[in-house]
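We use all heavy atoms of the structure for the numbers below, so side chains are in, but hydrogens, waters and symmetry mates are not.
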There are 2 protein chains.
Amino acid sequence: MQSEKTTAAYVDSLRPAGSKRSSKRDRIVDVFLRQQGHLTADDLVDLIRKEDQRISRATVYRTLAWMEAAGIARKVDFGEGRFRFEHSYRHPRHFHLICKGCNQSMEFLSSDIEQMIEEVAEARKFTVTQAVVQLYGTCEACTTGRPATTRLASTESLFARDALRIAIATERSGREFYTRAAAMTRDARARSVFERLSTAEDDHLERLEARYKQLLAEEPDLESQPQFLFFRGAANGLFSAGVDALRNVTGDKDALMIGIRCERGSHRFFKRYGEKFEDSEGKRVFLEFADEERDHLELLIREYRILTRKDQGKGKAGA
Amino acid sequence: MQSEKTTAAYVDSLRPAGSKRSSKRDRIVDVFLRQQGHLTADDLVDLIRKEDQRISRATVYRTLAWMEAAGIARKVDFGEGRFRFEHSYRHPRHFHLICKGCNQSMEFLSSDIEQMIEEVAEARKFTVTQAVVQLYGTCEACTTGRPATTRLASTESLFARDALRIAIATERSGREFYTRAAAMTRDARARSVFERLSTAEDDHLERLEARYKQLLAEEPDLESQPQFLFFRGAANGLFSAGVDALRNVTGDKDALMIGIRCERGSHRFFKRYGEKFEDSEGKRVFLEFADEERDHLELLIREYRILTRKDQGKGKAGA
DNA sequence: CTAGGTGCAAATAATTTGCAGAGGC
DNA sequence: GCCTCTGCAAATTATTTGCACCTAG
């Protein structure tokens, strides 16, 4: 459970200027942040009433609107004819699976869907501010008997777990890519760059694996929980396509170009998913890695330019 | 504009058993089917009242529920706190872009998103009955000035246009694939199969192109309308990957195998999109092509088996 | 002191329902 | 004649608002 201090700091960081504090609102926000799942306004009123009878339904509605404006709460619509609310604290944006049998909702995220959405929006010149993806149907528990899965882990933990898995696969494939590239590269400078990056990826890999272990130590049942983050191309690491491509490659420049492409994808991945956390340490680690991948990227580009100049020099000399 | 006869037949085909007809309901259904776009219950009441003052709001609500149950109407929720309704007649299922500026909604479809959704559902063992994808934001007209694009074409026409484009690209790439495969194949039987299929694809191509031209003749501005159907892998035809793959191939069996894979994708495409039409001639054409592609597929598989037996025979004879 | 914030009760807004009468088969 | 459909008005549900009072800065 999160300490009150942490959520208080979180709320303070979002509290809009020119709004006065009030004990009622603080109490509502506090109760709301202690919940998980998707509450209706009425659910929240009931929860509040357990702690304080003197809070009116109107105030709860007003506070919900206030929290939404502040970015503390997100309004979600499951087509029930009323809204539900989920909080953003340590809770990245996501999509929903909604079971019509048990009225439970599950969360997931798909990089691939997000990307397709961006492509559609771009083609239509549409600026997306909010993407809603909701799959209605029947969950596993309702289809089979009723052994409802133990749903314990927070979205944040699941997100961290899956993002780390992808990151680890990426670093692993990156290490392989750079090791192979170093072995096949003739240009000495380029080779030493590949060697350096191979070592760097190895270092990242160790840190990520340590973090993954730590995560599992904190929540041992995390590994058995269902997949949350879907990211097709990255299941084997963002460099795995590059490793394949390396096989049909002859020049050092080609290897650098492949590295650039992979590294760019990798940078984007860490940046994008680092930013997905509304708040957390995971965010810090991912953004730090994003920076390092960007450094790698720049290094590769620099090296590519040098090699290109060399070739041109040769070309000119030869001509 | 659709003839009344056609929509009447459509409604009759969906009318549930044991329900009796009534002039009021018929009138409401008729008015509803004449509209396009997403109507609120109130919009519909207003429209009805223009033709008949004696119809009550309750009846409209009840008829809307009746139409939804019959599959004539689809309830859509744009998070406005009330529902809207769109009809299914000649109107395939789709996703929505919703502009918060002008409250207009646009429709689109993405094969890729649909596929990702299926993958997520399968991984979570979730049975999806309805997939909602809604992108909220600002449309082009609201972002720039106000030259609102002429939105005239029906979803069905746009769907037909884009599906035909993909189909044409697929047949074109299929023809190229089979022509090349025939040229490089040593086995006489297999070669003649490839030649036959090349001719078949050429025939399909002509028919599809004729249909496409006809579509444009009916609605000349169709080509300038925005993209409706998004299907990444198929922009260059479902065989284009096969054409590429053919370059790195040596055996006749490999060529057959690539053909099988492409043909399977192509069959799926025609089947899936043929079925998307709630009702139409496009459906018939697509399903007919799906059948023919399935025949191709079976032919290829048969040929593949024969070639495999030959090889085994040789292998045994040689051993 | 003054701009918010709060409670209460009334207002809205979309949709549903009970009931008595009308109408199709 | 029976069962469904319909109109009307009242009920229900989720949410918002007017207004008088309260409270933090």
Sub-4.0 Å heavy-atom contacts from residues 41-57 of chain B onto DNA chain D, ordered by number: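 Contacting residues: B:R54, B:I55, B:S56.
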Between C:dT15 (P) and B:E68 (CD): distance, integer Å: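 Spelled out: CD on B:E68 to P on C:dT15 is 12 Å.
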In whole angstrom, give the distance that lies between atom OH of A:Y61 and atom P of C:dA11.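 It works out to 18 Å between those atoms.
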For A:K24 and for B:G81, locate the closest nucleotide of DNA chain C by heavy-atom distance; then report the residue assigned to the nucleotide nearer the 5' terminus.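 Taking each residue's closest nucleotide, the earlier one in sequence belongs to A:K24.
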Looking at every non-hydrogen atom in both residues, tell me the closest pair between B:F32 and B:L39 and how far apart they are.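 Smallest interatomic distance, heavy atoms only, reads CD1-CD1, 4.1 Å.
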May I ask you to check whether over 12 heavy atoms, not counting those of A:Q35, lie within 6.0 Å of atom CD?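 Enclosed.
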Could you check whether atom CD of B:Q36 has more than 12 heavy atoms from other residues, nucleotides or ligands sitting under 6.0 Å from it?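 Not buried by this count: 12 neighbours or fewer within 6.0 Å.
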Please answer whether the main-chain N or O of [Y] pairs with a side-chain N or O of [X] as donor and acceptor at a distance below 3.5 Å.
| X | Y | value |
| --- | --- | --- |
| A:T127 | B:G137 | no |
| B:E156 | B:L158 | no |
| A:R54 | A:K24 | no |

B:E68 bridged to B:R74 by N-O distance under 4.0 Å: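 No salt bridge links B:E68 with B:R74.
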Assess the side chains of A:S105 and A:H38: does a donor N or O sit below 3.5 Å from an acceptor N or O?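 Yes - a donor-acceptor pair under 3.5 Å links their side chains.
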Worked check of side-chain hydrogen bond (donor to acceptor under 3.5 Å, both in side chains) between B:D221 and B:S224: CA-CA 6 Å; B:D221 66 324; B:S224 62; 5.3 Å; no
Please name the residue in the list A:R82, A:R84, A:R57 that meets the salt bridge (charged side-chain N to carboxylate O under 4.0 Å, His left out) test with A:D42.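 Between A:D42 and the candidates, salt bridge (charged side-chain N to carboxylate O under 4.0 Å, His left out) is satisfied uniquely by A:R57.
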At under 4.0 Å between heavy atoms, which parts of nucleotides 18-25 of chain C does protein reach? Answer with one letter per nucleotide, 5' to 3': B base, S sugar-phosphate only, - none. B----BBS
Boundaries of the chain A footprint along DNA chain D (any atom under 4.0 Å from a heavy atom):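 With heavy atoms of chain A under 4.0 Å away, the range is D:dA14 to D:dA24.
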